Every structure is written in structure tokens, then in C-alpha cells.
> 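Just passing along the structure, written as C-alpha cells.
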Amino acid sequence: ESARADSATPMSCLKDAVYRFTGSGSSYQYRLLLPVHQLILPTVVYTVTWDLVGHVVHSAVLKLCKIRQNTKQADKEGRRQPKNTVTESIWPELLAGTVHCFIADFSLLPLELVMNRLHLQGTRAIVDNVLDAQSVIPYQASYNNVQQCVEALVDSEGVPSFWKGCSALLLQYTTRFAVVHTVRVLLKYVHQFSEPRAAVTNDPANSLDK
């Protein structure tokens, strides 16, 4: 889902902030705004869970890369091939960083959807009209808490609705993985071009001639 903010004045934004913190308001719109204390828990749970999942996946990917590098290094030493230290030092971190972000974002997409809907409720947000894909409509919802939001999503939109925006997420990370792979290929080319020069410099025959 994509959401945008409708036109608002600085005074209206200030009013939204006051009603958000106090949890009170006379108009219907402000009664829909959930107070801050009801938004803290889902936001903290999402952030902490995202960090935990990311840390576990990041460590696991680095371990797998280390095991693979040790296996390849033993094979290179048997064949007396030079080490590719640049690729071995940069590539695992790039891969682990991209993979852990993808796994965390994809696995927590339902929780992020619920959190975003609670945050947007009662605001001046407008969303894309999925029926004609050309217009926008105001975002209207009246959830009281996380449980009611989850139940309403299941009843009205079904379980697959929790993965709305999955296609955009896959497209985003497809691009990121392509960039990471391109960086790896460039690092390999840099190593291959610098390898013959280093071999000539360290050649014992050249040192004896000097």
C-alpha cells in the first residue's frame, strides 16, 4: 500500500500532534486518532523484532560465507592460486546486509501493515484507488487497538491482505541484489587486473636482474 499526505496547514498539523498526545478531540477525525501510548507498543515490538531477526540472519549469512571462504581458500592453497582478499573482505558484509534486510522486511510485513494502519488512522492520508489505479481516496479506518485491526483485516480483506505491498518489496530487493552482484563482479575484475602486475613486481627473476 502507498499513502500520501493531503494538503494541511501548519496549524492543523499542530492540532493533530496535540490530539495525538492527549488522546482527545471534539471532531470525528480527531476521535479516530489513536493516542501515543497505544502506538508505542506495536512500534517498539516491530522495531525490536526487526533488529533481532536482522541480527540472527546477518550472523548466519556471515558464518556460511566464512565456511565457504575457508573451503575455497584450502582449494586455492592446494592449487597455489593467489587470494582475493578484497572480494573476501567486502562481499560477505554486502551479502549479509542485503539478505538480513530482506528477510526481516518480508517476514514482518504483516506487522508493519498493522502498525502503519494504526498510525495513519485519523490523519489526512490518501491512498491509491486500486479499483481504477488512477485516482486516490482518503484513508478511513476506525480501529481501537491492534487486535481489532487484525480481526478487521482478516474478516474484510482476508489473510493474503497482510502481504500487501509484497510485489513492490520484491522489486526493491531484486534491484538491491542486482547491485550487490554487480559490485561483486567489479571487485573480481579489479582483482584480476591487479593480479598480473603484482606477480611481475614480486617475481624473483626481476629482483635478481636489478
Side-chain angles (χ1 to χ4, degrees), residues 1-5 43-117 119-120 127-128 130 133-134 136 159-210:
E1 285 184 329
S2 61
R4 288 168 280 179
T43 305
V44 171
V45 169
Y46 171 78
T47 305
V48 173
T49 307
W50 195 98
D51 289 337
L52 289 176
V53 173
H55 177 72
V56 171
V57 175
H58 191 275
S59 301
V61 173
L62 284 180
K63 267 187 185 176
L64 292 176
C65 289
K66 187 67 175 177
I67 294 174
R68 185 179 179 185
Q69 284 181 356
N70 291 338
T71 304
K72 292 178 67 176
Q73 187 60 42
D75 185 56
K76 285 182 179 181
E77 290 177 355
R79 298 181 182 180
R80 295 183 179 180
Q81 293 181 354
K83 301 179 181 179
N84 192 351
T85 55
V86 178
T87 306
E88 291 174 355
S89 59
I90 298 178
W91 164 248
E93 285 292 339
L94 287 175
L95 180 63
T98 307
V99 170
H100 96 253
C101 288
F102 171 71
I103 297 297
D105 283 342
F106 185 80
S107 60
L108 296 177
L109 195 59
L111 181 57
E112 183 183 7
L113 174 66
V114 173
M115 183 187 66
N116 288 337
R117 291 204 173 190
H119 278 271
L120 291 175
V127 297
D128 295 328
V130 295
Q134 294 180 351
V136 293
V159 176
S161 65
F162 287 100
W163 274 269
K164 283 185 176 180
C166 180
S167 56
L169 186 68
L170 292 176
L171 180 61
Q172 171 191 346
Y173 278 98
T174 299
T175 307
R176 290 184 62 174
F177 277 112
V179 172
V180 171
H181 180 70
T182 303
V183 172
R184 185 187 185 189
V185 172
L186 290 176
L187 289 175
K188 284 187 175 181
Y189 274 119
V190 170
H191 177 72
Q192 288 176 359
F193 281 122
S194 61
E195 179 183 342
R197 185 178 300 176
V200 171
T201 305
N202 298 326
D203 191 358
N206 293 335
S207 61
L208 289 176
D209 292 339
K210 295 180 181 179

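All values reported here derive from a predicted model rather than from experimental measurement. The analysis underlying the following values was restricted to heavy atoms, covering all of them including side chains, and did not include hydrogens, waters or symmetry mates.
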> Hey, could you give me the OG1/CD distance between Thr98 and Glu93, rounded to the nearest 0.5 Å?
10.5 Å
> Taking side chain as C-beta onward, heavy atoms only, is Gln172 less than 4.5 Å from Leu169?
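Gln172 vs Leu169: side chains touch.
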> Taking all atoms of both residues into account, what is the closest heavy-atom pair of Leu113 and Ser161, and its distance?
CD2-O, 3.2 Å
> With rounding to the nearest 0.5 angstrom, report the CG to CG distance, Leu111 to Asn116.
9.5 Å
> Tell me every residue that passes side-chain contact (heavy atoms from CB on, under 4.5 Å) with Leu170, counting only those two or more places apart in sequence or in another chain.
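Leu170 satisfies side-chain contact (heavy atoms from CB on, under 4.5 Å) with Phe102, Cys166 once adjacent residues are dropped.
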> Among all residues two or more places apart in sequence or in another chain, which pass the side-chain contact (heavy atoms from CB on, under 4.5 Å) test with Thr47?
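By the side-chain contact (heavy atoms from CB on, under 4.5 Å) rule, Thr47 matches Thr43, Asp51.
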> Working to the nearest 0.5 angstrom, can you tell me the gap between Leu171 CG and Thr175 OG1?
5.0 Å
> Sequence neighbours excluded, which residues qualify as side-chain contact (heavy atoms from CB on, under 4.5 Å) partners of Ile103?
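Checked Ile103 against side-chain contact (heavy atoms from CB on, under 4.5 Å); matches are Val53, Val57, Val99.
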> Quick check: closest heavy atoms across Cys65 and Leu95, and the distance to 0.1 Å?
SG-CD2, 3.9 Å
> With sequence neighbours left out, what residues match Val56 under side-chain contact (heavy atoms from CB on, under 4.5 Å)?
none
> Report the distance from atom CD1 of Ile90 to atom CZ of Arg184, rounding to the nearest 0.5 Å.
13.0 Å
> If only atom types and distance count, is the side chain of Tyr173 paired as donor or acceptor with the main-chain N or O of Cys101 below 3.5 Å?
yes
> Measuring from Ser59:OG to Leu64:CG, what's the distance to the nearest 0.5 Å?
11.0 Å
> With sequence neighbours left out, what residues match His100 under ring-ring contact (aromatic ring centres under 6.0 Å, His included)?
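Listed in chain order: Trp50, His58.
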> Would you mind reporting whether Trp91 and Val180 have side-chain heavy atoms less than 4.5 Å apart?
yes
